[in-house]
Amino acid sequence: MVSPPHEAMHRIFQHDPGLFSRVSRFLGVDIPTPVKATALPTDLTETNPVERRVDTLLRLETADQGPFLLAVEAQGKKHPDKPASWAYYTAYLWTKYRLPTALLVVCQDHSTARWAQQPVTCGPPQLPTLTLQPLVAGPHNMPVITDPEEARADLVLASLAAITHAAEPDVDAILKALSTALRDAPVDIAKPLVEFTAQGLAKRPAKNLWRNLVAVDLSFYKSYLAEEVRDEVRAQVRNEVRDEVRDEVRDEVRDEARAESRAEDILFILEQRGLDISEGVRSRVTNCTDPELLRRWLARAVTAPKAEEVFEDV
């Protein structure tokens, strides 16, 4: 079962095929900006029952170098079978379309990125025969875009930067810059990038920050993500109000119980001392709800020569 980060890491290239040429400069190669891009079927299954699918497949056409294929693979962790699958993908696509084929692997952690970018050969050391050299985009080479102006200049690249740095300390600053940049973007541009970013962050801690930024900074934006955050905020406010009311009621009940107990103690002490307790004294004591005032009356009830003198220090 594919995960949201897996989908975000390759589908963002479907959303903006020109992103690959802008990303290529961070990978040490120079890929011309395509003048045309076509999404191709990702099913690489042959007549045998083994099913093989590449994550994203694009046919990019450039003005100077002609067309080529770009296979984009999202890789969340090391997998010993993947290099052989990648070699199959590129060889099959080259054979089927008769076009130069490039492979881009997108990762979210340094360890997987180092593993993915190692050359793989299918022959013995002295006879390499076929060598696979993937291009790898990950936290080791994707830009850390923390300036809203830089993010605004290329919103899709900024989203990819957030996705590839999802587990890095810089991701919070990247998300804040991206959300600021998206404030001025049309909704049809902002919407897919909000969703790609949310998918790429998955269940990482940064997801909560992004959800809050979407709810606040992009308050105009209507989506399941924004509505989900707003519903949670409303629920949290309701819970806080309920808790506050409950605490107030509890405090009031406790104070009333304490006042009632002290009033009974005052009257009990006066009765035990044999003092005459008028209705006025009894009413004043029992109707008082101030625990601190009753505490002072209780202290005087021990020594006051008359019941009425319990109140004289007030």
Among all residues two or more places apart in sequence or in another chain, which pass the side-chain hydrogen bond (donor to acceptor under 3.5 Å, both in side chains) test with T112? D109
Using a side-chain heavy atom cutoff under 4.5 Å and only I, L, V, M, F, W and Y, what cluster partners does V144 have? I174
Decide yes or no for T197 and K207: does some side-chain heavy atom of the first lie under 4.5 Å from some side-chain heavy atom of the second? no
Contacts of E271 meeting side chain to side chain contact (heavy atoms under 4.5 Å, CB included) (sequence neighbours excluded), chain-then-number -> I277, R282
Restricting to non-hydrogen atoms, name the atom on L58 and the atom on F13 that form the minimum distance, rounded to 0.1 Å. CD1-O, 3.4 Å
Mind checking salt bridge (Lys or Arg N to Asp or Glu O under 4.0 Å) for E73 and listing every partner two or more places apart, or none if nothing turns up? K82
My understanding is that only residues two or more places apart in sequence, or in another chain, count here; which of them pass salt bridge (Lys or Arg N to Asp or Glu O under 4.0 Å) with E292? R295
d(R53 CZ, Y89 OH) to nearest 0.5 Å is 10.0 Å
Parallel, tilted or perpendicular: ring planes of Y92 versus Y88, cut at 30 and 60 degrees: parallel
Partners of D16 by salt bridge (Lys or Arg N to Asp or Glu O under 4.0 Å), sequence neighbours excluded? R22
So which pairs with a foot in residues 142-196 pass ring pair (Phe, Tyr, Trp, His ring centres under 6.0 Å), sequence neighbours left out? H15-F196
Just jot down the side chain to side chain contact (heavy atoms under 4.5 Å, CB included) partners of A37, sequence neighbours excluded, or say none. P17, L60
Does the S159 side chain pair with the main chain of L155, one donor and one acceptor, at a distance under 3.5 Å? no
Any pair with a residue in residues 100-127 that passes ring pair (Phe, Tyr, Trp, His ring centres under 6.0 Å), sequence neighbours left out, goes on the list, sorted by first then second residue, please. W86-W115
To the nearest 0.5 Å, tell me how far F68 CZ sits from I31 CD1. 5.0 Å
Distance in Å, D172 CG paired with T146 OG1, rounded so as to fall on 0.5 Å steps: 12.0 Å
Which residues pass the side chain to side chain contact (heavy atoms under 4.5 Å, CB included) test with E149, not counting sequence neighbours? D147, R152
Residues that E308 engages under salt bridge (Lys or Arg N to Asp or Glu O under 4.0 Å), provided they are two or more places apart: none
Only one of I189, V23, I12 passes side chain to side chain contact (heavy atoms under 4.5 Å, CB included) with V156, and that residue is I12
Give me the atom names and distance for the closest heavy-atom approach of R273 to A304. NH1-O, 2.7 Å
E61: side chain to side chain contact (heavy atoms under 4.5 Å, CB included) partners, not counting sequence neighbours: V35, K36, R59, P67
